[in-house]
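Just so we're on the same page: letters track the sequence lines, and every chain starts at 1.
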Number of protein chains: 2
Amino acid sequence: MLTEVVEEYLEAIYKMSLNGPVIAARLAEWMKVSPPTVADMLKRLSDKGLVKTSRRDGVKLTKKGLETAETMVRRHRLWERFLTDILGLHWDEVHEEACKLEHAISSPQVEEKLADILGHPETCPHGHPIPGTKGARKREKEAKPLSQCSVGDEAIIERVADEDSQLLQYLASLGLLPEARVAVKEIAPFKGPMLVNVCGAQYALGQEVAAKIMVKGK
Amino acid sequence: MLTEVVEEYLEAIYKMSLNGPVIAARLAEWMKVSPPTVADMLKRLSDKGLVKTSRRDGVKLTKKGLETAETMVRRHRLWERFLTDILGLHWDEVHEEACKLEHAISSPQVEEKLADILGHPETCPHGHPIPGTKGARKREKEAKPLSQCSVGDEAIIERVADEDSQLLQYLASLGLLPEARVAVKEIAPFKGPMLVNVCGAQYALGQEVAAKIMVKGK
DNA sequence: GTTTAAAATAAGAGTCGTCTAACTAATTGT
DNA sequence: ACAATTAGTTAGACGACTCTTATTTTAAAC
């Protein structure tokens, strides 16, 4: 049996590996833990056959590690959907809660029943694909940050790549939710803000914020 | 912040104290742990102001400890209701699962939303009262084991004081569920089985089983 | 090809929750 | 009242996860 902490590390490695090789030092930052702590843990994960580490490629999940990680991500995102769709929490309140709940499912049966009552959703409330549904992997790749769009572009928001409660609240207040259509009207020079149209209204978004909003070309 | 293990101990102490003074040795059996482990833990719980221990009275929860314990029991039983009523699991499958879920709620708000969608149930699927609903304490006291009934008695099943999956499955197969009406037809001598009527059928129940079924006089 | 910055490792320590083995109370039954 | 059972304590240990401080290795920059 794996501990919760082990599951958290696997999940982190999984998510980080979607953006290139996983460096232990980055993992330490992600987990808010010191580098020696990560080194210890990687040793343990390695011993359990969950990861392979090499100087060249960084940290890689093994088949077994990947399976566990995907299960955790799937459960996390299902719980997020439960928290918003069934309990009626806001999308900025669900991440922390789901982080705990994901480790509290003991069997695939319970996970499946949960998916059943939710209608087998394909994404979490922030737009991230739920592993185990078709096209999950594809979805993960196809989007690009709004900050990389040009003036005149129109796009649909695919997902928001941040769990920060404050940011999510702000985005929701502007109607910047998954499935919303945005149009880039203007980009101020020197990495300045972006003027975007959404739901008929126009807002200026900082680069930082725009970088977190993943869109798919209309 | 309290650890999950601490919460488990408080819950155990709470439940055990409903049947008289809590002896550390009994607690060790309940928690499936060695006596020194319990001694260590009681020291820690004491330091945190969650329990008081004395030779005379055994282990007693403080106000703070009692509050935590009741919260955990409440959450446990709410999750059990969720698992049966919403996910459709059987009553013999939910205890283990709820044991994990109960520690994964971070705020009274989430707990309250859960209670909302469940319709503020007063008991768990096994008939145990949910703390925080009126009469919960009263309920806990008023019932007596079926094994203490006499021939001719009629009673309503209040709850089943065991979480053993096998036993629960067996009881369900006989229709021995909370709210069911039972009539004692015969009691074999020398602590022999009890012949009871339920839903028109008649079954012989061993003393052990009958002792786990708590009833209230019709 | 040095220097510098970044990443990794080594050494030593602490907390939490658990164990076994051995010992000392305290109760209880007769 | 004393032997026997039961309860509790002491001592020493271990695994999981974390820390700090210091050092070494590797990679990048000039």
Between [options], which nucleotide gets closest to the side-chain atoms of [X]?
X: B:A25; options: C:dT9, D:dG8, D:dT18; result: D:dG8
X: A:T3; options: C:dT18, C:dT9, D:dC17; result: D:dC17
X: A:M41; options: D:dT18, C:dT20, C:dT9; result: D:dT18
X: A:P36; options: D:dT9, C:dA7, C:dT9; result: C:dT9

Whole Å only: how far is the [atom1] atom of [X] from the [atom2] atom of [N]?
X: A:D40; N: D:dA16; atom1: CG; atom2: P; answer: 11 Å
X: A:D57; N: D:dT26; atom1: CG; atom2: P; answer: 16 Å
X: A:R55; N: C:dA6; atom1: CZ; atom2: P; answer: 17 Å
X: A:I23; N: C:dA7; atom1: CD1; atom2: P; answer: 7 Å
X: A:R56; N: D:dT26; atom1: CZ; atom2: P; answer: 15 Å
X: B:E8; N: C:dC16; atom1: CD; atom2: P; answer: 18 Å
X: B:L27; N: C:dT18; atom1: CG; atom2: P; answer: 11 Å
X: A:L42; N: C:dA7; atom1: CG; atom2: C1'; answer: 13 Å

Checklist entry - Just wondering, are more than 12 heavy atoms of other shown residues or ligands nearer than 6.0 Å to NZ in B:K15? => result yes

Categorize [X] for me: base, sugar-phosphate, or nothing, with a 4.0 angstrom heavy-atom threshold over every strand shown.
X: B:R44; value: base
X: B:V38; value: nothing
X: A:R26; value: sugar-phosphate

Next on the checklist: Under a 3.5 Å threshold, yes or no: a donor from one side chain and an acceptor from the other, between B:E80 and B:H126?
Outcome noted: yes

Checklist entry - Judged by modelled atom types alone, do B:E4 and B:H103 share a side-chain donor-acceptor pair under 3.5 Å? => result no

Checklist entry - Does the pair A:T68 and A:T71 meet the rule for a side-chain hydrogen bond (donor to acceptor under 3.5 Å, both in side chains), with working shown? => result CA-CA 5 Å; A:T68 309; A:T71 298; over 6 Å; no

Please determine whether a side-chain nitrogen or oxygen atom of [X] lies at a distance below 4.0 Å from atom OP1 or OP2 of [N].
X: B:S34; N: C:dC19; result: yes
X: A:T37; N: D:dC17; result: no
X: A:Y9; N: D:dT18; result: yes

Checklist entry - Thinking salt bridges, do A:K64 and A:E67 make one under a 4.0 Å N-O criterion? => result no

Checklist entry - On DNA chain D, nearest-nucleotide positions of A:V6 versus A:P35: which is more 5'? => result A:V6

